[in-house]
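Remember, it's 1-based here, ligands and their atoms both numbered in the order they're listed.
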Amino acid sequence: MSQLPLRAQLASALGRTAATLSRATGRGDGSVIGGRLGLMLEPDLLRKLAADRKLALVSATNGKTTTTRLITSALQELGDVATNAFGANMPAGHVSALSSAKAAPYAVLEVDEKYLPEVLDTTNAGIVCLMNLSRDQMDRAAEIWLLAQKWRRALDGKPAHVIANCDDPLVTWGASTAARVTWVAAGQRWREDSWCCPECGGPLDRGGSMAAGQGAAAGTDSSWACRECTFHRPEPNWVLDGNDVIDPRGHRWPLDLQLPGQANRSNAAIALATAEAFGLEPARALPRLRTVTSVAGRYTTVERDGRSLRLLLAKNPAGWLEAFDVADPALPIILSVNAQGPDGRDTSWLWDVDYRILGGRPVYVAGERRLDLALRLDVARVPFQLCDSFDQAVSVLAPGRIDVIANYTAFQQIRAEFGRAV
Ligand SMILES: [Zn+2]
């Protein structure tokens, strides 16, 4: 890599010092404050730090942290990789990630969906991965359509190679102005936000079962087409079929990941296609994907008094469906919901989720907004036990394995109490 100009070097070094101080004083992992300071001193810092690297941006409503981690693991086969491992996915976090690995020839950055146009403009990333778009807490269909439209404008006229999930109509529409797209049939579990054609507003005909939002596995008929215009699902280059990924040459690769669930197989399919865009074939990328066991504490199992608690994050309706897919129907389950800033203060989005799948297993409800969730479960006729706290829920359960589904700050509280296993 070429040397950074002096001002950028200083800004980057000061940002790192601030990050170290922030960590030392217990104010988080420091990546955001360090990056923010760096950007104040040198507004052009992100562009300078990104120059001369092979860079991939990863964006979606769900799965971007995990997919970023999977792609990073794969690319480590080629050399050093800079990445924002702790999900600080706005420009200050990107500055911090790139500053802390200056010599790395590769970089993989998770990017907040709303910041993708700005970060793409600034970094001129060569590769962009787009996986899914659905409502996040109080976002509604019109807002995510506007987001997809911003992606279209940002990609139009840029040389970036886009890796996109063609099973998601809105992502397909958002990606289709790009100069070059590799389409991955990576599945779509949450379909409630894509019954309308993003191009003309007409009805979308979907293949497979009409109730597919809950039960359909990837690999069933995922085709879709607008009834009123020509917009339809592009022919995929890569296909996720159950546990296998079929590459563009027709070779079938059994994934055999350690990460659980269909959503992670979908993330892995995107990661394999992205690795190949970097020149890394599946035979070399896949063994690296299989080494990933937990991402930022998700899927981690923590122990207390003979109880093994597996932590699943569900921060929006699509995330709940993914967590239900991973949760073991034979085990008791604790649900914990908060409504602090990062969770969205309004919990009405809980009504978008169909909880009936939990019927028949022991359900325990905790978290600051446990009454909101309790009402929702009551209306769905799912029996549950209301607990004053997460600790109480754990203590009333018998020793053994327990699944935990929590939204963002509830999840962080549990991790803080049980230690930050990563
Ligand atoms: Zn249409």
Side-chain donor-acceptor pair present, Q188, D167, cut-off under 3.5 Å: no
Within-2.8 Å protein N/O/S contacts of the Zn ion (ligand 1): C197 SG, C200 SG, C226 SG, C229 SG
T172 side chain near W224 side chain, heavy-atom distance below 4.5 Å: yes
No-hydrogen, no-angle side-chain donor-acceptor test under 3.5 Å, Q412 and Q340: no
Sequence neighbours excluded - ring-ring contact (aromatic ring centres under 6.0 Å, His included) pairs with any residue from residues 241-264: H251-W253
Short side-chain donor-acceptor distance under 3.5 Å, N165 and N132: no
S308 and T301: side chain donor to acceptor below 3.5 Å: no
